[in-house]
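A single structure is presented below for examination.
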Number of protein chains: 4
Amino acid sequence: MAGNTFGRILKVSTFGESHGVALGGVLDGVPAGIELDFKAINIDLQRRKPGQSKITTQRKEDDEVEFLSGIFEGKTTGTSIGFIIKNQNQRSGDYGDIAKAYRPSHADYTYDQKYGFRDYRGGGRSSARETSIRVVAGAIAKQIIPKMSINAYVSRVGDISLNVPHNEIDLGEIEKNIVRCPDADTAKRMEDLITDVRMQGDTIGGVVACMIDGVPAGLGEPVFDRLQAELAKAMFSINAVKGFEYGSGFEGSKMRGSQHNDLFNLDGSTKTNRSGGIQGGISNGEEIYFNVAFKPVATLLMPQMTIDQNYKEVELNPKGRHDPCVVPRAVPIVEAMAALVLADYYLINKTRRV
Amino acid sequence: MAGNTFGRILKVSTFGESHGVALGGVLDGVPAGIELDFKAINIDLQRRKPGQSKITTQRKEDDEVEFLSGIFEGKTTGTSIGFIIKNQNQRSGDYGDIAKAYRPSHADYTYDQKYGFRDYRGGGRSSARETSIRVVAGAIAKQIIPKMSINAYVSRVGDISLNVPHNEIDLGEIEKNIVRCPDADTAKRMEDLITDVRMQGDTIGGVVACMIDGVPAGLGEPVFDRLQAELAKAMFSINAVKGFEYGSGFEGSKMRGSQHNDLFNLDGSTKTNRSGGIQGGISNGEEIYFNVAFKPVATLLMPQMTIDQNYKEVELNPKGRHDPCVVPRAVPIVEAMAALVLADYYLINKTRRV
Amino acid sequence: MAGNTFGRILKVSTFGESHGVALGGVLDGVPAGIELDFKAINIDLQRRKPGQSKITTQRKEDDEVEFLSGIFEGKTTGTSIGFIIKNQNQRSGDYGDIAKAYRPSHADYTYDQKYGFRDYRGGGRSSARETSIRVVAGAIAKQIIPKMSINAYVSRVGDISLNVPHNEIDLGEIEKNIVRCPDADTAKRMEDLITDVRMQGDTIGGVVACMIDGVPAGLGEPVFDRLQAELAKAMFSINAVKGFEYGSGFEGSKMRGSQHNDLFNLDGSTKTNRSGGIQGGISNGEEIYFNVAFKPVATLLMPQMTIDQNYKEVELNPKGRHDPCVVPRAVPIVEAMAALVLADYYLINKTRRV
Amino acid sequence: MAGNTFGRILKVSTFGESHGVALGGVLDGVPAGIELDFKAINIDLQRRKPGQSKITTQRKEDDEVEFLSGIFEGKTTGTSIGFIIKNQNQRSGDYGDIAKAYRPSHADYTYDQKYGFRDYRGGGRSSARETSIRVVAGAIAKQIIPKMSINAYVSRVGDISLNVPHNEIDLGEIEKNIVRCPDADTAKRMEDLITDVRMQGDTIGGVVACMIDGVPAGLGEPVFDRLQAELAKAMFSINAVKGFEYGSGFEGSKMRGSQHNDLFNLDGSTKTNRSGGIQGGISNGEEIYFNVAFKPVATLLMPQMTIDQNYKEVELNPKGRHDPCVVPRAVPIVEAMAALVLADYYLINKTRRV
């Protein structure tokens, strides 16, 4: 209810501020008997962490997860998995004016409106640092459905788009460059754009695409809990997301039914996949794919006029480091949230027939 | 868990198939003491019902809601509100081959995969007829937050777009034409397109835009239950929705932070509203606005090849009536789901400070 | 949240006041493919209904349930099952002073305190008439776990106790008398007591015992959702319940561990069953048994002094019919609530191993 | 769903095994702006911890809680409060045969049945060590409702009962002796009994009584979420609880309505309080009181025959320390769970009127 829990059967509850002692979570509902691949969890954490390349923030965080429960001799026991990631760098420093100023398009103003005051250190709970916990939970969730694979990548930065359709992507290319765009040339152009934006102290938005294969047919619940509805909620729970579309998406709404319908092959698969692997809210066994649009990060390395909590005009003159473009680091976060949804629905579906 | 309940404090649970005895719902959590405007409820039902104009399906349904509980002398009592809408036309008729065939891009195949069999009469639970119940619940939800107003309209049909920005719309124009597009000329062109598509037995998609004013600052919960996340889930729970964006949306992801940030006025309002009324997952008091993309309806009045439950090829030769474009009728559904989300979050927010 | 929903995977949401148009419910999460035994549902309804014998209220209600959805050709489809029971006798009559008076030990005062006003017709939502809906839902829940049987009976009325231990009960005797006590002599004495109390316009409490056999080992979740915790909640959600104990219960708390422990047989069953079929919150395959204490009904057929909503003293002079002892009619309600809990936990348990 | 979360608006999720690295929890939904009394939290933890007196287990645990988030400058921020308690003594030691044996009346057998295997170190998740986390969460919950006070005490050990009615208790006496029975003489006799039982390597059960004052009228939801239903669930979620009764309880079920009804005073208070402060599931402003029965602890310091996971007979010959009677240490746990329920319902009730 207060927003720090996600999922029904597979349920993660999280806590932690960007500059507090630690962040952490409780992942409940993981079935017993799964032999966890801890290396895979760590790889996802490294893909999300800041300072991993020259185009992300140079802020240094060693995201090391400590598991505190729910695992015995390498296997999940069926009880809740508690884990924390300590903050290395929690000196409060002198926040001075920033403590009182409302940064434009941040959560500062709305947190104050909601709670009456706020933990102003580095964004407190609204900081994207919180997503490290999701990545851990998601990396476990990825290990629940046999044969499922989730692959996200950057398909657009600013107005530079990858012009390869999702079903022609070479998955092996994604992690070969720091932008996580599976086409070397496009990736290079994106990288140049981000570098340019960064040197200006500015930021830029983009799009992350995601493909999910190996999803059994039958996942998703009718009416309110359609599979796409929960996927959409999951994606919009990520900082900076402004848009989500699956299958044919916004383009599909321009089409006629006679063009858009996916005709069947004789084995129940479909000749086309404009449905995006979901029909009537339920997976049909085809690939699930979707796009997630991220706005440019609101924190700039340039002066901005704003107001403070006394409604007086002040100038922000930020120093230090910033993240010019979040989409490369958002890739594992999108995957993690997708994994949490799919694994949850996979477990729910075990209860739908006698 | 099985998908027929939406909301937390304000919670609606629904039931009913398109060709069963009745549809209905239980709306729980409505605060006590609200003097209900039943006329407003009825108007929304009329806006959704089939057969209301020449560009919607000519199927005739008199959607009349009967309230069975939770209201005493015209006021909500705080207990659950039960209500039903009877189906006038539930003859099962002879479904013949349709009973066994999987209509392309429908829920027929996935329901069979999930449940092992299905109620094939008119789509059963996957039919959009189910949304009539949401409209009733939403029409009550609209009456919970004082001063809030929700206005949706059609902003695109196929590739005919309304070229008026959302904040320059004349709300009084929306209901003046059967397309529900608040510009007479554009509406006429859309109507012509729909008529054309209809005569070909085809269907066409489109976009519904929605504006919500009078939302107090502070609604929305951090992390997983951001206001936009629940709005997205609500919209993707509607049949045929393929995309959702709020505020600057997909276009915003092309911008730079220095262009995108909403600077403050001295009273805490913002000079621009690319944030779409939500920052950090919490309403800031500005207008909330978003777009919802609908694919073309999958039911066509033309022959299509498909397979049946024995994986044999069959030809569908549908007769009778169909809905060439759902977006005009989707307008009150979008409003209803938005109202359910906003009212729920409004109630939740009453618990967030001592 | 507002209290009209019970369960997680198997979830029932109910509505309806004692003197409104109808009561009803939505039962969601029933697995697909169950061939429902409608006769069994009806028998449970008849066991609960008023006017069934000379020791219950003589108020006449024909509780006939109408199923509106979720069932196709006699089988559950996996979608939500909506159903209603119409009130035959909903004339508001002249409630006069009763409308304003607070009946002692009723919900009148607390509803007014909570909601600011109330539907005073026959108790509104606080009336036990609401439990008819639970009986329908519970009768369906009974059909979900294969081989499980639930048998409740009256083990005490006032201070007349049945002196047969639960595991020596002849189940065939329960329904042979109108008290539902499985011993003819004790039943006769109970019946006489109830008749005596009734003629004085008074009421009397009692205890319902319940036995559940055929529960597979493994149901129940650790920590907060122990099986006994949900059973307790279920029982205390029934009107007039003041106490619940399972297994050795209150008597067990007088014992020493060396007396109380249940030693194992070589097949994993236990030599004694003081645990009541549940250990560590999880069923162990032995019989689950518990007792539920009901206070005497608060509605008397004798004058009582009380106050009204203006805090003025008034005399209540009730006329007509009353229920001298609810425990015989509570038997199917206890069973229904137990069935809802067990079936829910049975479904949840399907998700706890890979 | 998997049982490690309690509450709706005020929601605690917990993790941790008795011999793992740490236990912890996430408390979500605490309203913003509460200045926490950390000393009070610590006092409750000390009241629960083992080794606090000669009649509890001599196992030494320094339960020190570390708060990791959700608090800023001593005040709650409205975001989730994460906290952990490290285990000092997590050497696995040599569990040898115990690892394979099923201790009678423990959770060993049922965990194996449910999950297929278990973490056998010290009981794993089924250990009462887990309740330390509840005590922390409950101690925060106690600080949410202004003016509410919760006082539990030991009213029976074995068959030695305190013969002072709950409303004549001198609260100041409770913590004056190690049994936590508010009558020096009775406490002495209880202490002697526990010492005697302890020297025999045996254990003994008992009853904890609890009184809650200062609860505003109006808390509790009709039908399924009656206040007593959630209190019952909360109490039965505590290890070793076998019975719960509130107000007149089991004794009340022997009475007649004319004796049992609570008549009103002219100010709306009642002359008697057999209702236990709750009518129709909703608090009426009178004192809420209830009893909780605990079975004797199953771990004995004497030999017992049992079986192992291969269904072979083995003899348990436990050494070391044990807890002869849990009820003195259960007192703060009962208070904590009561506080979590009351605070949750207090917050929910803020949403029930416009």
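Just so we're on the same page: letters track the sequence lines, and every chain starts at 1.
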Pick from D/Tyr311, D/Phe250, D/Phe290, D/Phe6 with the largest number of heavy-atom pairs that fall under 4.5 Å of chain C
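Highest number of pairs under 4.5 Å: D/Phe250.
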Practice item. Measure from the side-chain N and O atoms of C/Lys295 to the backbone N and O of D/Ser275, and report whether any donor-acceptor pair falls under 3.5 Å. Key: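 Side chain of C/Lys295 to backbone of D/Ser275: no pair is present.
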- [ ] Let me know if D/Val297 has heavy atoms under 4.5 Å from chain C in its side chain, its backbone, both or neither.
- [x]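 Looking at D/Val297, just its backbone touches chain C.
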Which residue out of D/Gln200, D/Met302, D/Gln228 racks up the most heavy-atom pairs below 4.5 Å with chain C?
->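 When all of D/Gln200, D/Met302, D/Gln228 are compared, D/Gln228 has the most.
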Return the minimal non-hydrogen interatomic distance between D/Arg256 and C/Ile204, and the atom names on each side.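 Closest approach of D/Arg256 to C/Ile204, heavy atoms only: CG-CD1, 3.9 Å.
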inquiry  = With a 3.5 Å distance limit and no angle check, can you tell me whether D/Thr203 reaches the backbone of C/Gly257 through a side-chain donor-acceptor pair?
reply    =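 Confirmed, D/Thr203 side chain pairs with C/Gly257 backbone.
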| field | Test side-chain contact (heavy atoms from CB on, under 4.5 Å) applied to D/Glu230 and C/Lys233, step by step | value | CA-CA 6 Å; D/Glu230 196 70 9; C/Lys233 174 164 183 179; 2.8 Å; yes
- Task: Sort out for me which of C/Met337, C/Glu130, C/Gln259 touches chain D most, counting heavy-atom pairs under 4.5 Å.
- Result: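 Option with the greatest count: C/Glu130.
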Check: Looking at C/Ser253, C/Ser237, C/Pro296, C/Ala107, which makes the most heavy-atom pairs under 4.5 Å with chain D?
Finding: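 Winner by heavy-atom pair count: C/Ser253.
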Inset, instruction - Rounded to the nearest 0.5 Å, what's the gap from OG on C/Ser13 to CZ on D/Phe224? Could you check? - result: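 Result: 8.0 Å between the selected atoms.
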- Task: May I ask you to name which of D/Ala240, D/Gly281, D/Gly285, D/Gly220 has the most heavy-atom pairs under 4.5 Å with chain C?
- Result: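 It is D/Gly220.
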| message | Check whether C/Ser258 reaches the backbone of D/Asp202 with its side chain - one donor and one acceptor, N or O, closer than 3.5 Å. | response |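 Checking the backbone N and O of D/Asp202 against the side chain of C/Ser258, no donor-acceptor pair under 3.5 Å is found.
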*Between NZ of C/Lys114 and CG of D/Asn349, what distance do you get to the nearest 0.5 Å?*
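CG of D/Asn349 is found 3.5 Å from NZ of C/Lys114.
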Would one find more than 12 heavy atoms of other residues, nucleotides or ligands at under 6.0 Å from atom CD of D/Glu251?
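For D/Glu251, atom CD is not crowded (no more than 12 foreign heavy atoms under 6.0 Å).
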Exam field: side chain C/Thr110 to backbone D/Ser283, donor-acceptor pair closer than 3.5 Å: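 Between the backbone of D/Ser283 and the side chain of C/Thr110 there is no qualifying donor-acceptor contact (under 3.5 Å).
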Check D/Glu221 against C/Gly3 and note the closest heavy-atom contact, atom names and distance.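 That closest heavy-atom pairing would be CB-CA, 3.9 Å.
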**Message:** Looking at chain C, which one of D/His106, D/His260, D/Lys312 has the largest number of heavy-atom pairs inside 4.5 Å, strictly under?
**Reply:**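 Going by pairs under 4.5 Å, I would pick D/His260.
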Heavy-atom pairs under 4.5 Å with chain C - which of D/Ala217, D/Gly201, D/Gly247, D/Gly249 has more of them than the others?
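Winner by heavy-atom pair count: D/Gly249.
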Point to revise | Part of D/Arg156 lying under 4.5 Å from any heavy atom of chain C | key: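 The answer is the side chain of D/Arg156.
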Can you measure from CG (D/Asn284) to CG (C/Asp108) and round to the nearest 0.5 angstrom?
->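 Going from CG on D/Asn284 over to CG on C/Asp108, the span is 12.5 Å.
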Among C/Gly252, C/Gly280, C/Gly268, which residue forms the greatest number of heavy-atom pairs with chain D at distances under 4.5 Å?
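The option with the most such pairs is C/Gly268.
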Pairs of heavy atoms under 4.5 Å with chain D: top-ranked of C/Ile9, C/Val197, C/Asp159:
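Heavy-atom pair counts peak at C/Val197.
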*Would you say the side chain of C/Leu263 lies within less than 4.5 Å of the side chain of D/Met305, judging by non-hydrogen atoms?*
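When only atoms from C-beta onward are counted, C/Leu263 and D/Met305 do not touch, as no gap falls below 4.5 Å.
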- Message: Can you tell me how far apart CZ (C/Phe264) and CD (D/Gln304) are? Round to the nearest 0.5 Å.
- Response: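 With rounding to 0.5 Å, CZ (C/Phe264) is 10.5 Å from CD (D/Gln304).
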message: Show the nearest heavy-atom pair for residues D/Arg353 and C/Asp112, with the distance to one decimal.
response: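 Of all heavy-atom pairs spanning D/Arg353 and C/Asp112, the closest is NH2-O, 3.9 Å.
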task = Please examine the side chains of D/Ile282 and C/Tyr111, heavy atoms only from C-beta on, and report whether any two atoms are closer than 4.5 Å.
result =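 Yes, side chains in contact.
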Full working for side-chain contact (heavy atoms from CB on, under 4.5 Å) between C/Arg226 and D/Asn239 = CA-CA 9 Å; C/Arg226 288 162 204 256; D/Asn239 308 46; 3.3 Å; yes
- Query: Taking all atoms of both residues into account, what is the closest heavy-atom pair of C/Gly276 and D/Lys242, and its distance?
  - Reply: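 Answer, listing the atom of C/Gly276 first, then D/Lys242: N-NZ, 4.5 Å.
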- Task: Supply the atom-to-atom distance C/Asn265 CG to D/Glu313 CD, rounded to the nearest 0.5 angstrom.
- Result: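 Separation between the atoms: 10.0 Å.
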> Given the options C/Gly218, C/Ala293, C/Ala229, which has more heavy-atom pairs under 4.5 Å with chain D than any of the others?
Replying inline: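 Winner by heavy-atom pair count: C/Ala229.
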* Hey, is the main chain of C/Asp262 close enough, under 3.5 Å, to the side chain of D/Ser105 for a donor-acceptor pair? ->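 Looks like yes, one N/O pair under 3.5 Å.
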I'd like to know if the side chain of C/Asn261 pairs up with that of D/Arg103 as donor and acceptor (distance under 3.5 Å, no hydrogens or angles considered).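 No.
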Q. In terms of the angle between their ring planes, are D/Phe244 and C/Phe236 parallel, tilted or perpendicular, with boundaries placed at 30° and 60°?
A.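 Aromatic pair D/Phe244/C/Phe236 classed perpendicular.
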